[in-house]
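Residue indices begin at 1 and follow the sequence shown. Only this structure's heavy atoms are used, side chains among them; waters, hydrogens and symmetry mates stay out.
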Amino acid sequence: MDGLNLLKTFLEVANVGSFSRAASKLGISKASASKHVATLEARFNVRLMNRSTRSVTLTDAGRLLQLRSAPLMEMVESTQSELQAHGSHPSGRLRVAGLHGLVQTDFPSLLSEFLTLYPDVHIDLQIGNRVVDLVEEGVDIALRFGRIGDENLIVRRLQRVELTLCATPSYWARRGIPQTPDDMLWHDVLTYSLSAGTPHIPFEVDGAPYNLPIYGRMDANDSSTLVAAALAGIGAVCVPALLAQPYTERGGLVPVLKEFMPRDIWLYAAYTQRRHNSAALRALLKLLETRMGGSAPGHPT
């Protein structure tokens with residue numbers, strides 16, 4: 001039997017001096033209340049209460065237990081109330097991990113909206129381009145581009161991401177404009193260094209993924225650095241179109257092979273638990289899905 005329930009019954013009987021009144025207040029039978037106290041006495045091998053037909057009084061051991069356990073029970077009940085509130089009302093600290101590229105999207109304004117709606121929530125935002133271990137680093141939710149291979153994570157699609165392969169007009173004039181994905185084998189490409197393996201460009205040919213291994217002239221773990229390098233004419237870069245848009249609109253960067261860019265790249269929210277998530281996490285997921293036009297939960301296919 002739960003020791004906390006035993007203590008709760010004992011304290012209630014001690015406070016009101018009656019098994020009947022204590023049982024009525026706790027919503028249990030008098031026999032159950034008596035059994036709870038008897039179980040405690042058996043565990044401690046000491047009498048806690050003197051019982052008579054008219055009253056119940058504490059022994060010296062009972063008074064000691066009352067003195068020591070009353071503050072403990074108050075703390076337990078207070079903690080239970082706070083935990084229940086945490087599960088029903090968005091509050092507390094929420095640790096969020098995101099990529100550098102998110103700062104150039106609507107994400108910062110969405111976080112501001114969320115904090116305005118839920119003033120009892122504190123956001124601990126970790127911005128970086130490495131893949132974080134949500135469990136090891138205590139991260140509640142991570143926002144990532146592309147595919148998520150960890151089957152232990154729950155993912156939600158938030159927003160479709162359009163990719164663009166682009167370089168400066170002078171670079172294309174010097175090296176030639178590619179007509180097919182394989183033409184990029186002869187080009188200098190600026191690549192992400194987020195994971196091990198051969199650098200590649202994620203093309204799509206005849207509706208199927210076609211990852212072209214390429215020679216990376218420069219690696220970086222930050223998209224803005226790669227875009228800056230492309231603007232300097234060092235090579236071509238494949239990044240989310242939104243990040244290159246200020247430059248493609250003005251002609252500083254020229255996209256190529258648009259028809260071969262993949263159409264199923266998404267910004268995902270990833271988290272570790274499907275049940276018993278905090279109210280704050282549920283509220284943030286709902287806001288992001290609503291504002292960003294996400295889809296139902298599920299692993300990417």
_So, taking the atom named CG in D182 and the one named CH2 in W186, what distance separates them when rounded to the nearest 0.5 Å?_
9.5 Å
*Same apolar cluster: I28 and V56, side chain cutoff 4.5 Å*: no
*Do L287 and L267 belong together in a cluster built from hydrophobic side chains that touch within less than 4.5 Å?*
yes
*Is the shortest distance from a Lys or Arg side-chain nitrogen in R95 or E137 to a carboxylate oxygen in the other one below 4.0 Å?*
no
*Heavy-atom distance under 4.5 Å between the side chains of K258 and P255, does that happen here?*
yes
*asked:* Assigning hydrophobic clusters by single linkage (Ile, Leu, Val, Met, Phe, Trp, Tyr; side-chain heavy-atom cutoff under 4.5 Å), is L115 placed with L281?
replied: yes
*Determine whether the side chains of D120 and H89 contain a donor N or O and an acceptor N or O closer than 3.5 Å.*
yes
*So how far is it from L72 CG to L7 CG, rounded to the nearest 0.5 Å?*
7.0 Å
*State, with a plain yes or no, whether a side-chain heavy atom of M261 is found less than 4.5 Å away from one of L165.*
yes
*Would you confirm whether T191, through its side chain, and P199, through its main-chain N or O, come within 3.5 Å as a donor-acceptor pair?*
no
*Taking atom types as modelled, find out whether S109 and S112 have a side-chain donor-acceptor pair closer than 3.5 angstrom.*
no
*Are any of the side-chain nitrogens in R175 or D188 under 4.0 Å away from the carboxylate oxygens of its partner?*
yes
*Do R282 and E289 sit within salt-bridge range, that is, some charged N less than 4.0 Å from a carboxylate O?*
no
*asked:* Is the ring pair H187/W172 parallel, tilted or perpendicular, if the boundaries are 30 and 60 degrees?
replied: perpendicular
*Decide salt bridge (charged side-chain N to carboxylate O under 4.0 Å, His left out) for E41 and R51; before the verdict, give the C-alpha distance in whole Å, the side-chain angles of both, and the deciding distance to 0.1 Å.*
CA-CA 13 Å; E41 291 177 326; R51 304 161 176 81; 3.1 Å; yes
*asked:* Can you tell me how far apart CZ (F203) and OG1 (T180) are? Round to the nearest 0.5 Å.
replied: 8.5 Å
*Are V96 and V135 linked, directly or through other ILVMFWY residues, by side chains that come within less than 4.5 angstrom of each other?*
no
